[in-house]
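Letters A, B, ... are given to chains in the order of the sequence lines, protein chains preceding strands, and every chain is numbered from 1.
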Amino acid sequence: MSANETKKNFITDIIDEHAESGRFDGNVHTRFPPEPNGYLHIGHAKSICLNFGIAEQYGGLCNLRFDDTNPAKEEQEYIDAITEDLRWLGYDWDDRLYFASDYFDQLYEMAIELIQIGKAYVDELSQDEIREYRGTLTKPGVKSPYRDRPVEENLALFEKMRAGAFKEGEAVLRAKIDMTSGNINMRDPVMYRILDAPHPRTGAKWKIYPMYDFAHGQSDSIEGITHSICTLEYEDHRPLYDWYLDNIEIYHPQQIEFARLELSHTVLSKRKLIRLVQENHVSGWDDPRMPTIAGLRRRGYSPEAIRQFCDDIGVGKVKGVVAFHKLEYHIRQHLNKTADRVMAVLNPLKVVIENYPDDLVEELEAINNPEDESAGRRKVPFSKVLYIERDDFMEDPPRKFFRLAPGREVRLRYAYFITCTDVIKDDEGEILELRCTYDPTTRGGAAPDGRRVKATLHWVSARHALKAEARLYDSLFTVEDPEADSQKDFTDFINPDSLRVLDPVFVEPSVRHAKSGDRFQFERLAYFAVDPGSTPDKLVFNRTVALRDQWSKARKKGGGQARKKKGGNR
RNA sequence: AGCGAGGUAGCUCAAUUGGCAGAGCAGGUGCCUUUGGAGCACAAGGUUAAAGGUUCGAGUCCUUUCCUCGCUGCCA
């Protein structure tokens, strides 16, 4: 990220202090440590941008490390997906791809060390008993009867655990710290538990697996991490992080906690995201309505926009909810500069230009991107029968409706001025088509006599238009915080109109060869991206985000000025 | 209740570490426009949770109070 090299926050303050005091010799080495038990989402993106960004800012390095200490939940599919998403976001870790499971042997040796110095013991209390003995927030815990076993016995028992002589739940290895601590994490936390599940990487080699707390700090230490940046809920774990490192007596990184991202109108917990997938509220982890990186990618979001967003929201220790429209702001910002414009009609209304020659086809020049001269120009075919957007015509227009109406003249973008002369309806009064005349002297869209029109409409030539499918995505939830109501399940707030499929829609022929992931602006409507399931025979466009639309805003504010059915295309 | 963290504009963050509280976004008003897009200009927005104290001077330091969040997995 070049734009904000000098961006400051409380983390850079800490790093600067370290640089001054000489701790870490001025080095900065971070890591991004996902657990491979789900897909990356926009909340992870914040952590990713932070960890990789800070390393870059200080000329340091950032590792990718999978925190794979719980084989019961983790899968290779997630490892692959996470790696792909990270690459797509534009980050690179060279050869520094690590797994906590790479350190299982070393971790095991460290555990033995702690046993040997009398700071760890094998506990055979049941899970329920351990919970009881732990006490509560206000009541101190009490010591396990197994707490003071001799070192030799602990060593032998731990070896038995490793060898598979115990079944799941029959024994754990615990650190001997302080059962009366106000911080419950320090009340003899479990270091190792027995798990029967095969591990995606170590297979059946291990029967015991280290807990997060026993693995994370030491993994950081082994990799020479300087600043171990994590989210706020680990604040209470820092004393334990420090305790393990101090008692094992190895190199000691600094853990720093920041507030995780909360986004309005969506959920960002893996537990809930996985439910959306499993209960088929969405089509999968990459459903364009999902806040996952894969979902955002399919929706048409760009890595640049996501990174800009993360940069914009900054980092702090205060929990807050970022409005979804902030994400939308950044994708509009990026796409405005980079997406080619194209004309497409989502909700067609037929227009016949009565004074235009029957068989004439003109190739009119159109600008691909007014924000980027280098994007060049293209030709768009014009003929006698066209489609315009149904919303662009009103038979009885309210005061501030500038678009087409009977007797009114408007411009067809890059083409001609047309005037509506007649409205053809069926028996029910439904408008079937419009009859218009055009002014041949306005070719290209400018009038030689200098007269002006108030609106410019997009259009496609009926004969030349491509039929395509458009998927209009809206927010997945109808409320800002789907988790706020404790009486209801978050799925109760799923937006029933979060996806509307329009098929067919009509798109100008220049997009014929569009490939998966290509992004366009359908002029005056929205940004769209080509879906991966799209084929040359059947193009499928996902709406990324609508253009800002002051007409619909004014319409809402004006309170019924325009008596229109809701749910146009925009 | 115990431990920990935090409270600056509607939202997200700044404030050169004690020196005139500022940005972006949102909202507002204009201008411009061959996208009612984009862009530009301007205005508005604050008792820095509250009270007290130290100081020439406090968002920043001290005390007290209030409020919010996290923690009682053999998850991470």
Side-chain angles (χ1 to χ4, degrees), chain A residues 7-9 13 33-35 37 67-70 72-74 100 123 125-127 130-132 134-141 168-174 180-187 189-195 208-209 211-213 215-216 230-239 257 259 261 264 270-271 312-323 325-326 329-330 332-333 336-337 341 343 366-367 370-371 400-403 411-415 417 442 444-446 452-458 521-526 546-555 570:
Chain A
K7 185 132 190 167
K8 284 190 64 183
N9 53 54
D13 287 347
E35 182 189 13
N37 69 342
D67 232 327
D68 55 348
T69 56
N70 184 359
K73 286 188 179 175
E74 297 153 6
D123 198 346
L125 249 29
S126 73
Q127 200 164 158
I130 286 182
R131 188 185 317 120
E132 278 172 37
R134 184 160 37 227
T136 67
L137 293 178
T138 51
K139 208 176 69 198
E168 271 190 34
E170 286 183 346
V172 291
L173 183 71
R174 292 230 254 171
T180 66
S181 171
N183 181 347
I184 293 176
N185 292 306
M186 301 300 272
R187 319 240 264 231
V190 172
M191 294 162 56
Y192 270 92
R193 79 290 212 188
I194 294 162
L195 248 30
I208 56 172
Y209 291 92
M211 298 287 289
Y212 164 85
D213 287 301
H216 203 91
C230 59
T231 48
L232 246 29
E233 61 269 30
Y234 291 102
E235 272 175 331
D236 289 341
H237 293 248
R238 178 157 27 97
E257 309 87 10
L261 172 68
S264 73
K270 274 187 199 168
R271 213 195 94 239
D312 183 26
I313 59 177
V315 275
K317 291 185 79 101
V318 187
K319 292 192 180 185
V321 182
V322 176
H325 69 64
K326 192 152 203 136
Y329 165 82
H330 284 286
R332 283 196 191 101
Q333 198 78 3
N336 178 46
K337 299 291 184 204
R341 273 62 168 170
M343 291 196 285
I367 295 167
E371 301 286 325
K400 287 200 173 158
F401 184 86
F402 300 145
R403 284 115 87 159
R411 171 169 39 236
L412 293 181
R413 181 144 228 227
Y414 301 124
F417 284 14
T442 58
R452 311 180 75 103
V453 291
K454 278 191 145 172
T456 301
L457 310 187
H458 61 277
Q521 183 195 102
F522 288 2
E523 290 214 51
R524 303 208 304 134
L525 297 174
L547 260 31
R548 290 181 68 220
D549 175 11
Q550 287 171 40
W551 160 242
S552 73
K553 205 160 65 177
R555 195 176 52 188
R570 331 209 23 192

Enquirer: Under a 3.5 Å cutoff, is there a donor and acceptor pairing between the side chains of A/S181 and A/R187?
Expert: no
Enquirer: Among B/rG36, B/rU72, B/rC74, which nucleotide has an atom closest to any side-chain atom of A/T456?
Expert: B/rG36
Enquirer: What is the nucleic acid contact for A/E523, judged by heavy atoms within less than 4.0 Å: base, sugar-phosphate only, or nothing?
Expert: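 It contacts base atoms.
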Enquirer: The side chain of A/F402 lies closest to which of these nucleotides: B/rC74, B/rU33, B/rG36?
Expert: B/rG36
Enquirer: What's the gap between B/rG7 and B/rA14 when it is taken at their P atoms, as a whole Å value?
Expert: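 After rounding to an integer number of Å, I get 10 Å for this pair.
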Enquirer: Who passes side chain to side chain contact (heavy atoms under 4.5 Å, CB included) against A/L232, sequence neighbours left out?
Expert: A/E235, A/E257, A/A259, A/K317, A/K319
Enquirer: When Watson-Crick pairs (N1 to N3 and N6-O4 or O6-N4) and G-U wobble pairs (N1-O2 and O6-N3) count only below 3.5 Å on both distances, what is the dot-bracket string of RNA chain B, with | for other-strand pairs?
Expert: .((((((..((((.....[..))))..((((.......))))......(((((..]....))))))))))).....
Enquirer: Quick one, A/M343 with A/L525, criterion side chain to side chain contact (heavy atoms under 4.5 Å, CB included). Give me CA distance, side-chain angles, the key distance, then yes/no.
Expert: CA-CA 9 Å; A/M343 291 196 285; A/L525 297 174; over 6 Å; no
Enquirer: Does a side-chain N or O from A/R187 land closer than 4.0 Å to OP1 or OP2 of B/rG2, or not?
Expert: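 Looking at the OP1 and OP2 atoms of B/rG2, neither is under 4.0 Å from any side-chain N or O of A/R187.
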Enquirer: Going 5' to 3' along nucleotides 37-42 of chain B, which nucleotides have protein heavy atoms under 4.0 Å from the base (write B), which only from the sugar-phosphate (write S), and which from neither (write -)?
Expert: BS----
Enquirer: Sugar-phosphate means primed atoms, P, OP1 and OP2; the rest is base. With that split, encode nucleotides 7-17 of chain B 5' to 3' as B, S or - using protein heavy atoms under 4.0 Å.
Expert: S---SSSS--B
Enquirer: Answer yes or no: is there a donor N or O on one side and an acceptor on the other, between the side chain of A/N37 and the main chain of A/K73, under 3.5 Å?
Expert: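 No; judged by distance alone, with no hydrogens or angles, the pair does not exist.
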Enquirer: Sticking with atom P, work out how far B/rG6 lies from B/rG24, rounded to a whole angstrom.
Expert: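 Nearest-Å result for B/rG6 against B/rG24 at atom P: 28 Å.
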Enquirer: Determine the contact category for A/S126: base if any of its heavy atoms lies under 4.0 Å from a base atom, sugar-phosphate if only primed atoms, P, OP1 or OP2 are that close, otherwise nothing.
Expert: base
Enquirer: What interatomic distance, in whole Å, is found between C1' of B/rU60 and the corresponding atom of B/rU16?
Expert: 13 Å
Enquirer: Report the residues that fulfil salt bridge (Lys or Arg N to Asp or Glu O under 4.0 Å) with A/D123, sequence neighbours left out, ordered by chain and then residue number.
Expert: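 A/D123: salt bridge (Lys or Arg N to Asp or Glu O under 4.0 Å) contacts with A/R174.
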Enquirer: Among all residues two or more places apart in sequence or in another chain, which pass the salt bridge (Lys or Arg N to Asp or Glu O under 4.0 Å) test with A/E35?
Expert: none
Enquirer: In chain order, what residues pass the side chain to side chain contact (heavy atoms under 4.5 Å, CB included) check against A/A446, with sequence neighbours excluded?
Expert: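 Listed in chain order: nothing, the list is empty.
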Enquirer: Is there a side chain to side chain contact (heavy atoms under 4.5 Å, CB included) between A/Y192 and A/M211? Walk through the geometry before answering.
Expert: CA-CA 6 Å; A/Y192 270 92; A/M211 298 287 289; over 6 Å; no
Enquirer: Can you tell me if A/R271 touches the phosphate of B/rC75, counting only side-chain N or O atoms and a distance under 4.0 Å to OP1 or OP2?
Expert: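 It does not, given that no N or O in the side chain of A/R271 lies less than 4.0 Å from OP1 or OP2 of B/rC75.
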Enquirer: Regarding A/M211, tell me which of base, sugar-phosphate or nothing describes its non-hydrogen contacts under 4.0 Å with the strands shown.
Expert: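 Sugar-phosphate: the residue A/M211, judged by heavy atoms under 4.0 Å, touches backbone atoms but no base.
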Enquirer: Quote, to the nearest angstrom, the P distance that separates B/rC31 from B/rA23.
Expert: 25 Å
Enquirer: Atom NE2 in A/H458, atom OH in A/Y414: separation rounded to 0.5 Å?
Expert: 13.0 Å
Enquirer: Take atom P in B/rG52 and the same atom in B/rG57, then report the distance between them in whole Å.
Expert: 15 Å
Enquirer: Could I get the full list of salt bridge (Lys or Arg N to Asp or Glu O under 4.0 Å) partners for A/E168, not counting sequence neighbours?
Expert: none
Enquirer: When you check the glycosidic angle of B/rG73, does it come out syn, meaning within 90° of 0, or anti?
Expert: syn
Enquirer: Under the rule for salt bridge (Lys or Arg N to Asp or Glu O under 4.0 Å), what residues qualify as partners of A/R413, not counting sequence neighbours?
Expert: A/E523
Enquirer: Centroid separation under 6.0 Å, is that true for the rings of A/F402 and A/W551?
Expert: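 That pair fails the under 6.0 Å test.
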Enquirer: Can you name the side chain to side chain contact (heavy atoms under 4.5 Å, CB included) partners of A/V321, sequence neighbours left out?
Expert: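 By the side chain to side chain contact (heavy atoms under 4.5 Å, CB included) rule, A/V321 matches A/E262, A/S264.
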Enquirer: Report which part of the nucleic acid A/A446 touches: base, sugar-phosphate, or nothing (heavy-atom distance under 4.0 Å, all strands).
Expert: base
Enquirer: Pick base, sugar-phosphate or nothing for A/Y192, based on heavy-atom distances below 4.0 Å to the nucleic acid.
Expert: nothing
Enquirer: Measuring only the C1' atom in each nucleotide, how far is B/rA21 from B/rA58? A whole number of Å is fine.
Expert: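 Nearest-Å result for B/rA21 against B/rA58 at atom C1': 12 Å.
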Enquirer: Counting any heavy atom closer than 4.0 Å, what does A/V190 reach on the DNA or RNA strands: base, sugar-phosphate only, or nothing?
Expert: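 A/V190: backbone/sugar contact only, no base atoms under 4.0 Å.
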Enquirer: Mind checking the CZ-CZ spacing from A/R341 to A/R524? Nearest 0.5 Å is all I need.
Expert: 14.0 Å
Enquirer: Once you round to the nearest 0.5 Å, how far does CZ of A/R134 lie from NZ of A/K139?
Expert: 12.0 Å
Enquirer: Choose from B/rC74, B/rC75, B/rU33 the nucleotide whose nearest atom is closest to any side-chain atom of A/E35.
Expert: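 Looking only at heavy atoms from C-beta outward on A/E35, the closest nucleotide is B/rC75.
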Enquirer: Report which part of the nucleic acid A/Y209 touches: base, sugar-phosphate, or nothing (heavy-atom distance under 4.0 Å, all strands).
Expert: nothing
Enquirer: To the nearest Å, give me how far apart CG (A/D213) and C1' (B/rC74) are.
Expert: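 Computing the A/D213:CG to B/rC74:C1' distance gives 12 Å.
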Enquirer: Between B/rC25 and B/rA44, how far is it from one C1' atom to the other, in whole Å?
Expert: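 That atom pair is separated by 15 Å.
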Enquirer: Pick the C1' atom in B/rG39 and in B/rA76, then give their distance to the nearest Å.
Expert: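 My reading of the C1' atoms in B/rG39 and B/rA76 gives 47 Å.
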Enquirer: Under 4.0 Å between a side-chain N or O of A/T69 and OP1 or OP2 of B/rC75?
Expert: no
Enquirer: Using a 4.0 Å heavy-atom cut-off, does A/D236 contact any base of the nucleic acid, only the sugar-phosphate backbone, or nothing at all?
Expert: base
Enquirer: More 5' along RNA chain B: A/P34 or A/H330, using each one's nearest nucleotide?
Expert: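 Result of the comparison: A/H330.
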Enquirer: Touch check for A/R452, heavy atoms < 4.0 angstrom, all strands: base, sugar-phosphate only, or nothing?
Expert: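 If one applies the 4.0 Å heavy-atom cut-off, A/R452 turns out to touch the sugar-phosphate alone, with no base involved.
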Enquirer: Return the set of residues passing ring pair (Phe, Tyr, Trp, His ring centres under 6.0 Å) with A/H330 (not counting sequence neighbours), or none when no residue passes.
Expert: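 A/H330: no ring pair (Phe, Tyr, Trp, His ring centres under 6.0 Å) contacts found.
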Enquirer: Between atom CE in A/M186 and atom C1' in B/rU72, what is the gap in whole Å?
Expert: 16 Å
Enquirer: What's the base orientation of B/rU17: syn (chi within 90° of 0) or anti?
Expert: syn
Enquirer: When we call it a touch if two heavy atoms are under 4.0 Å apart, what does A/E235 touch: a base, just sugar-phosphate, or nothing?
Expert: sugar-phosphate
Enquirer: Using the 3.5 Å cut-off, write out each protein N or O paired with an N or O of nucleotides 18-22 of chain B and the distance between them.
Expert:
none

Enquirer: For a quick check of understanding: with a heavy-atom distance under 4.0 Å over all strands, which category does A/I367 fall into, base, sugar-phosphate or nothing?
Expert: nothing
Enquirer: Quick check for you: to the nearest 0.5 Å, what is the distance between A/L125 atom CG and A/E132 atom CD?
Expert: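 A/L125 atom CG to A/E132 atom CD measures 9.0 Å (nearest 0.5 Å).
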Enquirer: Looking for any heavy atom pair under 4.0 Å, which part of the strands does A/L125 touch: base, sugar-phosphate only, or nothing?
Expert: base
Enquirer: Quick one: are A/I208 and A/L173 in side-chain contact, heavy atoms under 4.5 Å?
Expert: no
Enquirer: Calculate the interatomic distance between A/E168 atom CD and B/rG73 atom P; express it in whole Å.
Expert: 18 Å
Enquirer: Between the base of B/rG73 and the side chain of A/R131, is there a donor and acceptor pair under 3.5 angstrom?
Expert: no
Enquirer: To the nearest Å, give me how far apart CZ (A/F401) and C1' (B/rG36) are.
Expert: 11 Å
Enquirer: Under 4.0 Å, counting only non-hydrogen atoms across every strand here, what does A/R134 touch: a base, just sugar-phosphate, or nothing?
Expert: sugar-phosphate
